[in-house]
Amino acid sequence: MPYLLGTESETRAMNVIRRRGWELPERLATPEHLAFSRRSLLAGGASALALAPHAALAQRVSDLDKMPDPTADLYPAKRNEKYVLDRPITDEKINGNYNNFYEFGTTKSVAAASQALRTRPWTVKIDGMVEKPIEIGIDDLIRKMTLEERTYRHRCVEAWSMAIAWTGFPFAKLVDFARPLGSAKYVRMETFLDAKMAPGQRATWYPWPYVEGLSLAEAKNELAFLATGAYGHPMAKQHGAPLRLAVPWKYGFKSIKSIVRFSFVEARPKGLWEALQASEYGFWANVNPAVPHPRWSQATEEVIGTGERRPTLLFNGYGEYVADLYKGLEGERLWA
Ligand code: MTE
């Protein structure tokens, strides 16, 4: 069985065609439909949600969540023209219907299911090695920052890519706001944990919540961006509303969605994928066409929406900004 797919026929189709990204070894992969149906027998109503049609999930949004986004007036933000693309921006509809958001399912079609994500109220915790740990509401946090638009490439470890116009603020601004102590070396980020809201989190073989990390130097690099919106408006839920990371020189799994916590820490954090399968997904995960994933080549990528195959670029084309971050670390596994 390849990685966790929705239906038996999808599973069979994938086995026949090719094994692709995110596949987990047999021992880690419990067929999702079996796991959920077994649990729904045991637990009754609550887990029936896992099997409910997407439309029903979408209706579960809270009243608060139906209110207009309290920061909608900040969009569209002015584009920062420094970050230019070598390809057109991916069509929003295409991008918004081809997502990885394992909290809401293991296929790319999680847009409808992810409408169950409640994005207000949303509190962000900043803790660890900081002068003063705080909790702050997302709208207060956003209004403390100046939003800008940036066009970035996105390269998934599965060898596909897109181009997006994110809106947000530099991670460096959050670091300034957090005032980390000199002993902090890394930033650990965490996604919400709510298995009632996010059926994917009932899959106990994943070490929820989703966690990712950056070195403090990476977080302070000008490219590291905390996105609150995309395509000129507040972030669609499937892209990781209300706050997600965009680190375009790294494989996409580093760009954690729906963040609720930033912890400034001394030890290197272990991300969800590294915890699951360290031989395939490491900490640095920088894009490098010359270093294949253990099970597939990274030399080229499929441009979603056009079907074009392009050569993949070192650091996804962002070497001029980030290559210096890794000087002296050549002995480490820098590439996924
Ligand atoms: N963050 C969370 N919390 N859960 C996820 O499943 N998937 C990652 C990343 N961040 C993921 C996540 C992967 S593998 C990719 S490629 C990108 O989100 C996909 O972002 P997109 O759906 O906006 O293209």
Side-chain angles (χ1 to χ4, degrees), residues 3-4 20-24 32 89-117 119 122 124 152-168 188-195 197-201 203 205-214 225-231 234-262 269 271-277 280-282 285 287 293 298 301-305 312 316 336:
Y3 80 106
L4 306 168
R20 47 186 292 182
W22 272 180
E23 293 172 62
L24 291 172
E32 186 180 37
I89 292 174
T90 307
D91 179 83
E92 181 175 5
K93 276 211 177 69
I94 291 174
N95 195 346
N97 286 288
Y98 191 90
N99 304 99
N100 278 327
F101 204 170
Y102 273 58
E103 284 83 346
F104 293 98
T106 56
T107 72
K108 297 286 177 283
S109 303
V110 289
S114 63
Q115 300 316 304
L117 171 65
T119 56
W122 191 275
V124 176
Y152 276 178
R153 292 185 289 277
H154 173 86
R155 171 60 158 79
C156 181
V157 74
E158 299 166 330
W160 53 262
S161 67
M162 300 215 201
I164 306 113
W166 296 119
T167 305
R188 177 187 183 278
M189 287 155 280
E190 205 176 280
T191 296
F192 68 84
L193 181 62
D194 183 345
M197 178 174 75
Q201 291 185 333
W205 53 94
Y206 288 110
W208 304 112
Y210 201 101
V211 166
E212 261 310 334
L214 295 176
F225 199 59
L226 285 166
T228 58
Y231 295 96
M235 186 81 74
K237 293 182 178 182
Q238 61 267 37
H239 290 306
L243 185 67
R244 74 165 282 165
L245 180 66
V247 277
W249 72 98
K250 291 181 178 285
Y251 289 114
F253 68 90
K254 295 292 295 184
S255 287
I256 179 172
K257 297 180 168 182
S258 304
I259 303 169
V260 293
R261 185 174 177 191
F262 296 86
L272 176 140
W273 293 109
E274 188 182 359
L276 258 183
Q277 190 63 1
E280 306 196 349
Y281 309 106
V287 176
H293 181 277
Q298 295 290 21
E301 62 205 47
E302 180 185 342
V303 180
I304 300 298
T312 287
N316 201 21

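Read the numbers this way: they start at 1 and go in the same order the structure lists the ligands and their atoms. The basis for the numbers below is simple: all heavy atoms, side chains too, and nothing from hydrogens, waters or symmetry mates.
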Have a look at ligand 1 and work out which part of [X], if any, has a heavy atom under 4.0 Å from it: side chain, backbone, both or neither.
X: Thr191; answer: side chain
X: Arg244; answer: side chain
X: Tyr210; answer: side chain

Proximal atoms of ligand 1 relative to [X] (non-hydrogen, under 4.0 Å):
X: Asn99; answer: 21 (P), 22 (O), 23 (O)
X: Cys156; answer: 16 (S)
X: Lys257; answer: 1 (N), 2 (C), 3 (N), 10 (N), 12 (C), 18 (O), 19 (C), 20 (O), 21 (P), 22 (O), 23 (O)

Notebook entry, point to check: Got a donor-acceptor contact below 3.5 angstrom from the Asn316 side chain to the Val287 backbone?
Noted result: no

Notebook entry, point to check: With no hydrogens and no angle check, is any side-chain donor or acceptor of Arg153 less than 3.5 Å from a backbone partner on Ser161?
Noted result: no

Note to self: Within this structure, what is the OG-CG distance for the pair Ser258 and Leu193, rounded to the nearest 0.5 Å?
What the structure shows: 12.5 Å

Next item on the list: Determine, using heavy atoms of Gly240 and all atoms of ligand 1, whether some pair is separated by less than 4.0 Å.
Entry: no

Check: Considering Gly271, Gly252, Ser161, which one's heavy-atom position lies nearest to atom 17 (C) of ligand 1?
Finding: Gly252

Checklist line | Candidate with minimal heavy-atom separation from atom 24 (O) of ligand 1, of His154, Met235, Glu103 | finding: His154

Next item on the list: State, without any angle test, whether Lys108 and Asn100 hold a side-chain donor-acceptor pair at a distance under 3.5 Å.
Entry: yes

Next item on the list: Would you list the pairs meeting salt bridge (charged side-chain N to carboxylate O under 4.0 Å, His left out) in which at least one residue belongs to residues 245-262, sequence neighbours left out?
Entry: Asp127-Arg261, Glu190-Arg261, Glu212-Lys254, Glu218-Lys250

Check: Excluding sequence neighbours, so at least two apart, what forms salt bridge (charged side-chain N to carboxylate O under 4.0 Å, His left out) with Asp194?
Finding: Arg118

Notebook entry, point to check: Between Trp166 and ligand 1, is there a nitrogen or oxygen pair with a distance under 3.5 Å?
Noted result: no

